Structure formats: C-alpha cells, structure tokens
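Being a predicted model, the structure only gives us computed values, none of them experimental. Numbering of ligands and ligand atoms starts at 1, following listing order.
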Amino acid sequence: MPDAAVAARSSETTNSGTTQQVDVAVVGAGFAGLYLLHKLRKAGFSVVVIEEAGDVGGTWYWNRYPGARCDIQTIDYSYTFDPELDRAWTWSEKYATQPEILRYFGFVADRYDLRRDIRFGTKVKAANWDDSSERWQLVTDNGASISCRHYIMATGCLSTPKPPEIDGVKDFKGAVYFTGRWPHDGVDLAGKRVAVIGTGSSGIQSIPLIAEQAPHLTVFQRTPNFALPAHNGAPPDDRKTYFETDRAAYREQARWSLAGVPYPQETAVSWQLSDAERRERFEKAWAAGDLVHILTQLWADQAVDFDGNALIGKLIHEKIRAVVKDGETAAALSPHDHPFGAKRPCLDTNYYATYNRPNVTLVNLRQEPIKAITASGIVTDKRSVDVDVIVFATGFDAMTGAIMAVHPITGRAGKSLSNVWAQGPQTYLGLTVAGFPNLFMITGPGSPSVLSNMAVSIEQHVDWVVDRLAALREAGFTTMEATETAQAGWAQHMADCSTLTLHRLANTWYTGANVPGKVQGLMPYTGGVGPYRSICNEVVGRGMLGFRLTGPNVAEQCNDGEVVRLQPDVRLVLGMLAEMNLPQIESLGSQGARDFLTEFNKGRPAGRPVGEVGSGALQGADGPLPYRLYRPATPGPHPIVVYFHGGGWVLGDELSDDPFCRDLCRRSGMIVVSVGYRHAPEHRFPAAAEDGYAATRWIAEHATELGGKPGPVLVAGWSAGANIATVTCQLARDRSGPQIAGQLLVCPVTDCRFDRQSYTDNAVGYFLTRALMFWFWDIYCSPADRTDPRASPLRGNLANLPPAFVATCEFDPLRDEGIEYAEALATAGVQVEQLQARGHIHSSLVMVDVVITGVSARVKMAEALRGFAGLPRKLEASGEDAAPIAVNAAAG
Ligand SMILES: Cc1cc2nc3c(=O)[nH]c(=O)nc-3n(C[C@H](O)[C@H](O)[C@H](O)COP(=O)(O)OP(=O)(O)OC[C@H]3O[C@@H](n4cnc5c(N)ncnc54)[C@H](O)[C@@H]3O)c2cc1C
C-alpha cells in the first residue's frame, strides 16, 4: 500500500467495557512512536499510541529552552521511510531549531493522519503480561486501560529529566525551570538574575542566549564538556550536493555507517600523520561544525586508542584558551576527565565566547560544591549567589528512566522488570527482554541509540519489529520471546564491543553515572549502526536465532543460541574479507600465494614507531639469512627476543609480521629480531626448523653487537613461526645451548594430526582453513617426516624446556593442538601460562591496530616476555590502564 494511502485506513480498535482492545499498543508519540503507528497500520495491525504530552514530537515537544536545536545535521535527522515525504519537506538550516523540528512532526502527523489513533495527555502507569490470554494489560492515568497482543515502548532515551540532587529547591522563592520541561509560552528573562546549573548539551545551547537576555548569568559547572562551534546556517554544499544527487544512495550509506551519517571509514592512523597533517585535519573538522565529522574523520584510532585520542583533547584545549580571555575560566572549561567522544560532545554557538561577557560568571563546582539552595539563591563552599531564576540543565535519567517509570512491568510468572534489571539493564539486541514476551523497546539499552543518528536507528528498529510482528502473524505465532542464552550472549557481545572504544574510560550519562544510585554500566551498543543492522538481519536469517515463538495452532519454534560469538572487530574483518571475494590461497601456487600476501599486507596499517628499525644478515643452518631488528626507544642494552613469522613454512618473510614485531618491541621494551628463515617448497623440512635454531644461536652469540643484553635470549613466533620457536627450544636443550629464557607461542602448529575438534569446528570461514593447513603441511614436509619432533614438537621430549606462554584462539583450526601442547608442557614440569582468546581467529592477535580487542592479549604476551627476562612485568602505566567501567551489570 502506498504510504500516503495508509492514513485512510482505520486502526479498528475495539472497546470492551473500560478496556481498549488493540493488536499493538505503542507508548510515546515522538520520532519512534509516529513511525511505528504508520508502519503498524500499513501492516494491518490495530494500534493505539499513548502519549503523556499534549501533542506529537516527543523530545521536541518537551525541550523548548532557548537555543534548543538538533546536533546531527537535519538533512540526516529526518524520516527516510517514504521518499515522497523526504522530498516534501526542506529544512531551512543545517541544524534546525526546536520549533522547526516540532513543525516537522506536526507535518508528518497530518500527512498520515496519525493523531486520531493517539491518546494524548495520557500516561501509561503499569503493564502486566497475562499468560492465559497472551496479552499485555496496560494501566493508564487517563481513560480506558488497554489490552494488547504486543506492547512497544517508544518512550525515548532522553525523556525523563533527572530530578535535582540539591537540598532546598523547594525553599527557593524565585522561578525554577528545567530545560527538558520548558514552558510552552517561553520565559522572559529580561531583568532577571539567572543561574544555570549544568553544562551538558542543553546548558551549552541555552547559556549564550540566556546571557544575552539576563543582566547577570551565573553558570554552575560540575564537569566541563567538549563543545565545538556548530557554524549553523544553510546546509553545507558538499552534503547537499551528495544528498540531492542520489538520495537513495545517501540514505543507504547512512544505514550501514558506524554512526548513522554517511561518512566513510577513516583509515590513516594518528602516528602515520605528521603534526602538521593532524592539525590540518583538525582545523578542517573544527571549521566543518559537524559532530560526526570530528568524531570519526580525524584519524582511524581516535576513538579506540588512548594516545590517538589525547591529541584531539589537546587541540581543543588550545581552542578554548584562544577564545576565553580569563586563564582560570579557560582552564575550568577545559575537559580533562574523559577522552574526547567518550561523553557526547556538544555543538555550540558562541558558548566559550560567552564567558568573556562581563555579565557572566562561571562557578567551578569541582572547587566549590553547592551546599544548598536557599530562598534567595545558591550557596557554595565559597560564596552565596542571589538569583531570581534557576535553570536546571541537568540532563536526563537516560535510556532506562522512561522504561522504569512504568512500574511495575510484569512479565511471565510475575517477574518484574525492575527486579530483572536490578543490576543493570539486560536485553537481547536492545529490543527485547527474556521473560517478557511481546514486549519491545525502541532504542532500548543494548542498541546503538544515543551513540548514533537516532533517526536512522529508530527507523531500523521500527522496521525490524513491525516486520517481525507481520511475519509472526503470517506463520500463526502469537508470542515471541528472547531466550536467556541469547540475552547473555548479547551482554557478552556488548562487553566485547566496549573494550574497543574509549567509552570504557568515562563515567557519563551513557553509563548512568549522572544519576545517584543508578547501577553503573555502559548502556548503548558501541559496535556501530551498520554492524548492528547486520546482526539484526542475521538473527532473522538464522531462523529467529535466540527467540522462542509460540502460537495456538503451530509447533513451538526455538532456535536458541548467541548471534555473535566472534569479537566485534574480528567479525568486521571477516565481513570485509568476505566482501573482497579473495581467492583461495592454496589455489595460487606458492609463488602466487607469496605475491598475494605481499599485496594484501600493503593494505594494513603501518606498525607504530619504535626507537630504531634496522636490518642485516645472520648465519642460518646453510648460509646467510636476512633479519629485521626492532629496538625500543629506551636506553639499552635490552634483552633480545628472536621472532619467527607465520606463513605455514611457505609464505612470509622477516618483514611480514612487522606491525606485530613493533608492538612486541614497544610493549615489552625489548629488542625483537625477526628472522627470514628458509621456506618450502624450495627448502623443505627440516630447513626452517634448523634455520630457527641456527639463527637463535647466532643472535645469542652476537647479542652485544646487536646492542642487546648478553645472556639468555627469548624466542617467540606465530603459527608456523611458533612451531619453529618451540622446536628451537627443544634443539637448544638437546644441543647444549644457546640458553633460552622463555618462549612465546602464538597459535602454534604443534602436531601433524588433523582430527582434533578445532579442525572440524573451524574448517572454513575463519581465514585459516583446514584446506590451507593441508596445503602448508604437504609443501613443507613429507608424511614420513611429519612425526619428527622438529615438525611436530608435541611428539618430542618436553621436559626441561624454558617457561612458555601459549596463546590460542577459539575459532582457529590450530586451537586444540595449541592447548594440548600447553597442557603437555605443564605435565612435563614446564612453567606455562595459557591464554585462550575467546572470539578470536588464527590471525587476530597479530593484526595490530586492526583487531583492537587483541590488545589485552598482546599486553599479556609482552608481560610474559618481561617476566621470562626477569624484568618487572609491567613496562609503564598509561591512561588506558584506568579501571574500566562495566558494560552493564549483567556483563560484569
Ligand atoms: C535537546 C535534545 C536534542 C537532541 N538532538 C538530537 C540530534 O540532533 N540527533 C539525534 O539523533 N538525537 C537527538 N536527540 C535524542 C532524541 O531524543 C532522539 O533523536 C529522538 O527524538 C527520540 O525519539 P523517540 O520517539 O524515541 O523518543 P522521544 O522523542 O523522547 O519521545 C518519547 C515520548 O514518550 C512519551 N512517554 C514516555 N513515557 C511515557 C509513558 N509512560 N506514558 C505515556 N507517554 C510516555 C514522552 O512523553 C515522549 O513524548 C536529542 C535529545 C534532546 C533532549
């Protein structure tokens, strides 16, 4: 049915006594509720929308404070479900004002005749699931209660203002206003001494305008926020042109982007750019006046790496100092307690310059906390400020506030949502909760919501939910409920995602830190809008994975499981590789495979700088071999790690694991010498193994010349390189040296058997395949030689070997032989530390600056090496070591 024709359809709700009977009840008539109503009607459901406010608009109905605007460009902050609607409305400004956005919602409501199915001025107080009728019963504060099959909370992430936490508000004789509940007929502040408490987005937008009206404005700031000039005006030409040229492509790119705005993925990392290049990028972003631009387009590591991020903070501090004349005020306005972007930055118009006005005073509550509000004003530790008006710009009880305000929400077996969420919200996909059938949340905790352009996220949610309800009805199912397994898996995935970004280092309203007593935990999904969309699609594609579906005349369906078991960045990498449609390496022949690898490696991020990188030749088992040496920046002499690259004894060279060698060098503070050992098929077994041993001996003997510490060396390797490293340890023991202080084995090949479970579980799909391993073995070693401990070290004598650190990855064909080797070493009396990396693939841990979730494993490897060398395990503390906050209570 064409969108415009849907308006003509009645929702056909029925009243039975004092209860209104509908298929679906939606709470909230904001961005989400309006689209839900339209889409549900279009799908043929009877619907009622309950809304506390007097009209449509949600956020934009309530937030009428001076300066209220959106902070995502309005070209992006619009409905896209109906191309005709998209064309019918043109925004006047880059960032529209609240009145214009509210007019837009009125226009949408009129166009689809939405108001007739909305009960305004009505609040949903409680909601109870009735198992026998399989319906929700909603209690309202105005008029009939509601009985519905499906209950959708479109109650908003930022719709419950946070109550003031200061004593004495009731004693204040002047006027009190909340930015989130601003009077509809405006407030005249002329002649009024005004206090604004709070410097989040609403404070930052309203302060410059209040300062223009009020004779004196005192701003009470607890935590400074990063704010960027909006440079509002007409929509910028570049975006407008892209948008006008191909609206469909523009919208589609937004849907698959990380933040819901069509920007490409930045690839250059901070340390690849010079100071001048970084400054140029920053100035461009500053001039663009676009949050998403500055949050995503500076450099690739800005949101994931502490050092890459700190560069931005410093540049913004400079900007603040350049504008704010008083040094003390500038310092107080400069955020230092959170990485840039870990808390939502704000867009401003003249915010910092406002503090140069003679009628504006900033009170830094970190130095002088508010003691009380009195009849005449605000008293801090150091002063008393008399005012006529207090404006609370103190934000919201975000994400869970409006959901928990409906109390109780009782699911199956009398379970109350407030009990289930006592330790923090738990959801599946941010959309549903186990134990609460047919309950859906739009942009609930666990979805990208406030970390995205919410227009895009809301439309994705609404489409997903309504399409599921229609499909359910089609198949004869009447209930849909998330399973506990799926929900727990989502909590784990959320936790994994959170280790990727710097949100973990900030206490913010994203984590509930702004509300006293609220359980702390990162509530929005940090994995990005596009990946989230693909996961939701995958749930459907895999037969409603993680949902139990029931109906009166159909067999129950429950396809239980966790939708994402890979680490989020590993999932992205595999997705990208799949899109590249790469050839099977084993089909290329050995030289073709080497050429392919060389080309492939050109696309990866360059490794980070170390003190010095050099190269040379050393003596192998049968002639000279090239090596690459990585020296730390700290004064030496340093212990030496002899490193053997991966590549199945066939591929790679001393340069091919360059980023990993640099990382090991930086994190361990040791010299790493990567050895270019001989490869098959030109040099089959035992050439590589014997080269490994000879190279280690040579390096130990030439340690001083290499600038290293004389004495025992360490060995390390990845994959076939780890095979060579541990074989070297066995040979060194049997051949009286050199002395080896420890071995780091990352996803080692330890045995020639292919019948272990991990070979079956991970045969395909995780980059290193079973077929590729067959191919490597065939080229390297004849079947007769394979049981030789120099090929299969698991079959050798494991006693009296140096201490080992063995890392294995869950989705790696080599997983089980690695674990078996670690266990066998331990049984033989060798000191072993094991790391079984959950959600990782064979190449994860060496993909430095690509697989960020591998950082903690790489830190542990470096610590182990330092421990083997008799050094303190930790090299130095960095800001990144700050205690991470939980993702949500469930994930711990
Ligand atoms: C000042 C401000 C600026 C923002 N700017 C942007 C921006 O630029 N870009 C962006 O992506 N996001 C922005 N947001 C976030 C914004 O909330 C969302 O973009 C979007 O408007 C949310 O729509 P919604 O329908 O989900 O919720 P809301 O718009 O919050 O609507 C929820 C509605 O539910 C009603 N409700 C709640 N509980 C009940 C109940 N129990 N009974 C009856 N009714 C109930 C509320 O009254 C409200 O009207 C901003 C938020 C604020 C506060």
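- The only option from W60, Y104, Y77 that meets the ring pair (Phe, Tyr, Trp, His ring centres under 6.0 Å) definition with F31 turns out to be Y77.
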Write out each pair where an N or O from ligand 1 and one from the protein are under 3.5 Å apart, with the distance.
residue  : atom   : partner : partner atom : Å
ligand 1 : 8 (O)  : D71     : N            : 2.6
ligand 1 : 8 (O)  : D71     : OD1          : 2.9
ligand 1 : 8 (O)  : I72     : N            : 3.1
ligand 1 : 11 (O) : M454    : N            : 2.7
ligand 1 : 17 (O) : T59     : OG1          : 2.8
ligand 1 : 19 (O) : Y77     : OH           : 2.5
ligand 1 : 21 (O) : T59     : OG1          : 3.3
ligand 1 : 21 (O) : Y77     : OH           : 3.0
ligand 1 : 25 (O) : F31     : N            : 3.0
ligand 1 : 25 (O) : A32     : N            : 2.8
ligand 1 : 29 (O) : T59     : N            : 2.7
ligand 1 : 29 (O) : T59     : OG1          : 3.0
ligand 1 : 30 (O) : T59     : OG1          : 3.3
ligand 1 : 41 (N) : V124    : O            : 3.1
ligand 1 : 42 (N) : V124    : N            : 3.0
ligand 1 : 44 (N) : E52     : N            : 3.1
ligand 1 : 47 (O) : E51     : OE2          : 2.7
ligand 1 : 47 (O) : W62     : NE1          : 3.1
ligand 1 : 49 (O) : E51     : OE1          : 2.8
ligand 1 : 49 (O) : E51     : OE2          : 3.0
ligand 1 : 49 (O) : W62     : NE1          : 3.4

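- For the pair R115/V56, a side-chain contact is recorded, criterion being any heavy-atom separation below 4.5 Å from C-beta on.
- In terms of modelled atom types and a separation under 3.5 Å, the side chain of H461 and the main chain of T443 share a donor-acceptor contact.
- Within a 6.0 Å radius of CG in D238, other residues, nucleotides and ligands contribute more than 12 heavy atoms.
- Ring centroid separation for the pair F120 and Y61 does not come in under the 6.0 Å cut-off.
- Less than 6.0 angstrom separates the ring centroid of Y177 from the ring centroid of W182.
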